[in-house]
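Quick note: numbers below take in every heavy atom, side chains included, and nothing from hydrogens, waters or symmetry partners. Remember, predicted model here, so these are calculated numbers, not experimental data. Just so we're on the same page: letters track the sequence lines, and every chain starts at 1.
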Amino acid sequence: MDKRIIFHIDCNSAFLSWEAVHRLQHGHSLDLRTVPSAVGGSVKQRRGIILARSIPAKKLGIRTGQTVFEALSKCPELILVPPDYALYVQCSNALITLLKEYSPLVERYSVDECFMDLSGYGIDGDESVDLAMRIKQRVKEELGFTVNIGISINKLLAKMASEFEKPDKVHTLFPEEMPEKMWPLPVCEMFMVGVRTCLKLYKYGIITIGQLAKTDKELLKVYFKSYGNVLWEYANGIDYSEVRPDRRDIKGIGNSTTTSFDVTDYETAKLFLLSLSEMVGMRLRMENVKAQVICVHLRNSLFHSWSHQHKIPIPTNATNDIYQEACRLFLEMWNGQPLRALGVRTDCLSDGNFTQLSITDQNKFDKISELDKSVDYIRTRYGNDAVKRGVFLHSGVAHINGGVHDDYPMMSSLL
DNA sequence: TCTGGGGTCCTAGGACCC
DNA sequence: TCTGGGGTCCTAGGACCC
């Protein structure tokens with residue numbers, strides 16, 4: 001059998017590059033990528049964090065996840081632009097379409113990253129580099145932005161490879177290259193090693209990926225339970241996961257929002273819970289699934305967050321069912337403290353065509369279901385604002401809430 | 001002074017059943 | 001009245017990804 005060839009394609013400073021390209025295409029003369037600039041949320045709406053930054057901004061110490069306030073105090077001339085998720089989806093789709101010309105096995109890992117499986121085409125290591133260079137060039141010429149492409153025999157190593165020098169580069173990380181290219185790196189640069197794990201590893205004297213690779217696997221299992229196994233395998237370049245072109249089954253659907261003001265009363269909280277339930281319900285119905293677990297997540301003004309969930313007897317995708325349960329959970333867990341964020345999510349999804357009802361419930365169920373369906377239809381056709389519940393009038397709360405564009409693709413922490 | 005939003009998986013503890 | 005384990009389900013919280 002041929003060696004597997006896997007590409008990981010990573011858009012450089014995705015949100016910022018895409019905004020820059022969009023502006024150039026619409027007559028702007030300044031290329032945002034050439035100056036200190038960033039995509040950031042609105043400070044006034046309390047969403048002021050940096051989502052992406054240009055390379056000149058990076059050189060001035062601007063990091064993603066940093067507060068806009070901090071970024072501006074570090075670099076007052078920073079040009080800030082708001083996020084435009086619909087644009088990101090367009091750019092992401094354009095990239096996927098281009099990549100599919102080379103292999104049908106393209107997996108969208110997040111809005112700005114994908115994996116491509118090129119095994120079975122008889123391509124060797126050198127040829128794969130040539131091919132990656134050609135793809136990278138085409139993306140630049142036809143779509144206007146740059147990508148990094150990492151090449152290896154599995155997804156993990158390909159992903160690690162694309163993280164090497166940026167932008168606009170092709171890197172390989174084949175297993176025989178690990179000692180030279182991967183093992184000297186600090187352990188925090190490895191996939192699945194976040195801040196917590198990194199600090200814990202440091203405590204055990206493990207500083208580089210190479211040291212992690214050489215650590216006794218059984219010892220890691222004692223320190224990190226089942227996760228120790230994953231850490232050891234990743235450090236040794238072991239990963240057998242497949243490139244999945246079809247989106248894997250969705251496990252849960254949820255939406256949350258940071259409020260522009262602290263929520264201090266139940267009536268206002270209910271409006272947010274309803275607007276979030278509207279969005280979650282719509283998305284469940286769009287996917288033709290029902291949920292059996294409803295979860296409410298709260299964050300207070302001190303940034304502490306907590307959640308309560310409940311498994312309901314019968315799966316639902318009705319906005320009203322989700323809302324009622326969300327209110328119950330909210331009252332169960334809220335002690336009156338000021339809130340800055342609320343979230344509603346659903347889990348334990350099942351086939352939406354299945355219903356289990358007593359005959360007396362049937363009429364009521366049909367009516368609610370028909371109402372949701374009609375509202376969904378009108379909103380799909382005429383826009384989300386075509387139908388609004390009366391309670392939102394003059395309330396100051398958006399009647400549908402949830403951070404990003406409906407079709408915005410999300411990712412998981414798994415390969 | 002300020003700190004987003006959407007996911008997945010894992011663990012621990014308690015309830016409950018046999 | 002007091003004593004086991006094992007298995008499964010449910011819930012809360014925390015880790016990670018972008």
Exercise for the section: Specify the residues of residues 50-59 of chain A, ordered by number, for which at least one heavy atom lies under 4.0 angstrom from an atom of DNA chain B. Expected result: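 Here the set is A:L51.
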Practice task
Verify the contact: side-chain N or O of A:S226 to OP1 or OP2 of B:dT11, cut-off strictly under 4.0 Å; return yes or no.
Solution key: yes
Problem - C:dG4 and B:dC16, which share atom name C1', separated by this distance in whole Å - result: 16 Å
Considering only side-chain heavy atoms of [X], which listed nucleotide, [options], is closest?
{"X": "A:F69", "options": "B:dT11, C:dC16, B:dT1", "result": "B:dT1"}
{"X": "A:I250", "options": "C:dC18, B:dT11, B:dT8", "result": "B:dT8"}
{"X": "A:R47", "options": "B:dG6, C:dC18, B:dG4", "result": "B:dG4"}

Handout entry: ring centroid sep under 5.5 Å plus plane angle under 30, A:Y109 with C:dC18
Key = no
Practice task
Decide, for B:dT1, between syn and anti: a glycosidic angle within 90° of 0 counts as syn, anything else as anti.
Solution key: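 That one's syn.
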Exercise for the section: Assign B:dC2 to syn or anti; the rule is syn for a glycosidic angle within 90° of 0 and anti otherwise. Expected result: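 What B:dC2 shows is a syn base, its glycosidic angle lying within 90° of 0.
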Problem - From A:R379, A:K290, A:R285, residue fulfilling salt bridge (charged side-chain N to carboxylate O under 4.0 Å, His left out) relative to A:D372 - result: A:R285
Handout entry: Any side-chain donor near an acceptor of the partner, A:N12 and A:T146, under 3.5 Å
Key =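 There is such a pair between these side chains.
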Practice task
Answer yes if the side chains of A:R138 and A:Y102 hold a donor-acceptor pair under 3.5 Å, and no otherwise.
Solution key: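 A pair is found: one side chain offers a donor N or O, the other an acceptor, under 3.5 Å apart.
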Exercise for the section: Write out the stems for DNA chain B, ordered by first number and formatted as range with range, counting runs of at least 3 consecutive Watson-Crick or G-U wobble pairs under 3.5 Å. Expected result: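 Stem segments, range with range: B:5-18 with C:5-18.
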Pull out every protein N or O sitting under 3.5 Å from an N or O of nucleotides 12-14 of chain C, one pair per line with the distance.
from	atom 1	to	atom 2	distance (Å)
C:dA12	OP1	A:H308	ND1	3.3
C:dA12	OP1	A:H308	NE2	3.4
C:dA12	OP2	A:Q309	N	2.5
C:dA12	OP2	A:Q309	O	3.3
C:dG13	OP2	A:S307	N	3.4
C:dG13	OP2	A:S307	O	3.2

Exercise for the section: Would you indicate what A:T64 reaches in the nucleic acid, counting non-hydrogen atoms under 4.0 angstrom: base, sugar-phosphate, or nothing? Expected result: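 If one applies the 4.0 Å heavy-atom cut-off, A:T64 turns out to touch nothing in the nucleic acid.
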Practice task
Give A:V195 one of three labels, base, sugar-phosphate or nothing, depending on what nucleic acid heavy atoms sit under 4.0 Å from its own.
Solution key: sugar-phosphate
Completion exercise
To the nearest angstrom, the CG-P distance between A:N401 and B:dG6 comes to 9 Å
